[in-house]
There are 2 protein chains.
Amino acid sequence: MTRVLVVDDEPQIRRALRTNLAARGYEVDLAESGEQALDLAATSHPDVVILDLGLPGIDGIAVVEGLRGWTKVPIIVLSVRDAEADKIAALDAGADDYVTKPFSMGELLARLRAATRRGTPGPDEAPTVVTDAFTVDLAAKRVLRDGAEVHLTPTEWQLLETLVRNPGRLISQRQLLQTVWGPQYERETNYLRVYLAQLRRKLEADPSRPKHLITEPGMGYRFEA
Amino acid sequence: MTRVLVVDDEPQIRRALRTNLAARGYEVDLAESGEQALDLAATSHPDVVILDLGLPGIDGIAVVEGLRGWTKVPIIVLSVRDAEADKIAALDAGADDYVTKPFSMGELLARLRAATRRGTPGPDEAPTVVTDAFTVDLAAKRVLRDGAEVHLTPTEWQLLETLVRNPGRLISQRQLLQTVWGPQYERETNYLRVYLAQLRRKLEADPSRPKHLITEPGMGYRFEA
DNA sequence: AACCGTCTTGACGCGTCCTTGACGCCGAAG
DNA sequence: CTTCGGCGTCAAGGACGCGTCAAGACGGTT
């Protein structure tokens with residue numbers, strides 16, 4: 001869930017943004033002054049800030065600077081002022097985007113998506129899977145056993161990866177052969193036997209009595225943590 | 001020096017942007033078509049792209065998507081079209097910002113600064129990486145070995161940089177070729193062999209037995225500290 | 001026009017990995 | 001009790017990928 005902090009002194013704009021954002025699945029915090037915005041940002045740690053420049057009390061630019069002193073959260077500035085100088089000042093103070101009121105909600109949402117997309121660099125996947133016999137680091141593509149690295153060939157790794165990414169689930173031989181060797185190898189079940197044996201020899205404490213790479217006769221294989 | 005790739009089919013806009021950007025200390029590459037833009041981006045590795053949507057030939061949105069297929073370089077879209085749908089399409093395709101023509105040069109420059117500022121995150125990552133054989137200064141783009149500077153060619157440096165920025169992680173050959181040479185070189189794995197050999201000859205104590213630039217046969221390469 | 005550094009391209013030897021077949025074991029079915 | 005199919009094991013061949021070297025192409029500079 002993405003948290004958005006909306007800072008605006010006009011109640012109707014706050015309401016409009018709140019309902020629109022909530023309808024899109026965002027979690028919304030509201031602030032009506034710069035001071036409140038800085039407080040809320042510190043406590044609620046939003047993922048993105050939508051900030052009206054024309055605030056009573058402290059200047060909107062000061063709010064940008066106050067935020068930038070300690071966080072890199074994306075800031076989208078709203079303003080009725082269309083003057084070039086205002087835009088430049090806000091952007092150079094650390095804002096990420098500048099939208100002139102009146103704005104279209106669709107555009108604002110798109111700019112919001114663009115801002116949050118930057119924040120989350122990539123689909124971070126579960127990095128490591130641990131068992132009592134070995135550790136699989138999916139991001140670094142390494143396998144450790146008793147602290148020492150175990151070398152796996154590409155095929156061995158692909159096979160282990162598809163099993164480990166579905167812990168506890170039964171994977172059919174068809175599916176394993178398709179994802180590792182390709183669709184035309186669907187019936188070469190002997191490949192699976194050979195490579196499962198190699199993996200067990202490298203990873204299991206007692207390869208003849210596997211505890212983690214389990215055969216389900218006639219159906220497929222299963223990884224157990 | 002920040003590299004900017006300007007993509008526009010109108011010569012006068014190219015000229016205007018080129019002179020303005022060059023005057024501010026940017027290094028400017030010019031492209032007048034989408035195809036040329038994708039090629040140039042792959043070879044020159046700009047730090048930010050300014051892209052006109054109204055290109056002859058392939059659509060501007062397609063250029064955004066082509067770039068996003070392999071790079072996260074900031075993209076600022078220029079367009080005469082002010083329609084909300086166009087903005088949303090471009091932003092959701094992966095653009096970072098959308099500026100409507102006619103635009104003010106001052107604002108564009110400010111948005112350019114905002115885009116590049118994001119690209120270089122603060123002091124959160126170590127600018128230098130040290131091993132027992134050599135030291136890589138990522139900020140200064142220099143490599144020291146036994147106190148003396150080692151000269152690297154641009155390609156060698158890019159390769160070393162992408163490896164060193166992910167210590168311990170395995171980087172696939174595809175990813176290395178894409179980030180260093182560009183998306184159309186995905187299968188030229190011999191490049192990797194040649195350049196890894198050069199890097200090892202320059203950096204490793206025993207190039208035939210590398211301790212830091214490690215090959216994972218069939219999968220990719222890995223940097224170990 | 002000549003030179004230099006850099007990138008590209010091809011060929012070759014070697015080591016590793018994949019493929020393939022044979023064999024024994026075990027449980028289920030006849 | 002016998003038969004059969006599925007699974008685990010092992011070993012050998014051939015294919016493939018990697019490291020290495022060197023020559024040619026390319027681009028920028030003098």
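Lettering follows sequence order; numbering is per chain, from 1. These figures come from a predicted structure and were not determined experimentally.
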Compute whether any side-chain donor of one residue and acceptor of the other, for B:Gln173 and B:Thr189, lie under 3.5 angstrom apart.
no

May I ask you to evaluate whether A:Thr155 reaches the phosphate of C:dC18, defined as a side-chain N or O under 4.0 Å from OP1 or OP2?
yes

Could you state the atom-to-atom distance from CZ of A:Arg201 to C1' of D:dG8 in whole Å?
10 Å

Starting from P on C:dC18, measure out to CD on A:Gln184 and report it in whole angstrom.
16 Å

According to a strict under-4.0 Å criterion, is B:Thr215 in side-chain N/O contact with OP1 or OP2 of D:dG19?
yes

Rounded distance in Å - CG (A:Leu192) to P (D:dG8):
9 Å

Length of the CZ-C1' vector between A:Arg193 and C:dT20, whole Å
12 Å

Ignoring backbone atoms, test whether A:Arg200 places a side-chain nitrogen or oxygen under 4.0 Å from the OP1 or OP2 oxygen of D:dG8.
yes

So what does A:Thr189 hit on the nucleic acid, given a heavy-atom distance under 4.0 Å: a base, only sugar-phosphate, or nothing?
nothing

As a quick check of understanding, evaluate side-chain contact (heavy atoms from CB on, under 4.5 Å) for A:Leu159 and A:Leu213, giving each step before the final call.
CA-CA 11 Å; A:Leu159 188 56; A:Leu213 301 170; over 6 Å; no

Around atom CE of A:Met219, are there more than 12 heavy atoms from other residues, nucleotides or ligands closer than 6.0 Å?
no

Distance-minimising heavy-atom pair for A:Leu144 and A:Gly147:
CD2-O, 4.2 Å

Taken to the nearest whole Å, OH/A:Tyr191 to C1'/C:dG21 is 11 Å

For the CZ atom on B:Arg68, are there more than 12 heavy atoms of other groups (residues, nucleotides or ligands in this structure) within a distance under 6.0 Å?
yes

Do the side-chain N or O atoms of B:Trp181 get closer than 4.0 angstrom to the phosphate oxygens (OP1, OP2) of C:dC7?
no

If the cut-off is 4.0 Å, is B:His151 near the phosphate of C:dT6, judged by side-chain N/O to OP1 or OP2?
yes

When you measure from the side-chain N and O atoms of B:Tyr195 to the phosphate of C:dC7, is any distance below 4.0 Å, counting only OP1 and OP2?
yes

What's the CD-P distance between B:Glu204 and D:dG19, to the nearest Å?
12 Å

Starting from the 5' end of DNA chain C, give me the residue, B:Glu156 or A:Gln198, whose nearest nucleotide shows up first.
B:Glu156

Is there a side-chain contact between B:Tyr221 and the phosphate of D:dG19, meaning an N or O under 4.0 Å from OP1 or OP2?
yes

Measure CG/B:Asn190 against P/D:dA22 and give the value in whole Å, please.
18 Å

B:Leu196 CG to D:dG17 P, straight-line distance once rounded to whole Å:
17 Å

C:dC18, C:dC7, C:dG21: which one has an atom nearest the side-chain heavy atoms of A:Val194?
C:dG21

Touch check for B:Gln173, heavy atoms < 4.0 angstrom, all strands: base, sugar-phosphate only, or nothing?
sugar-phosphate

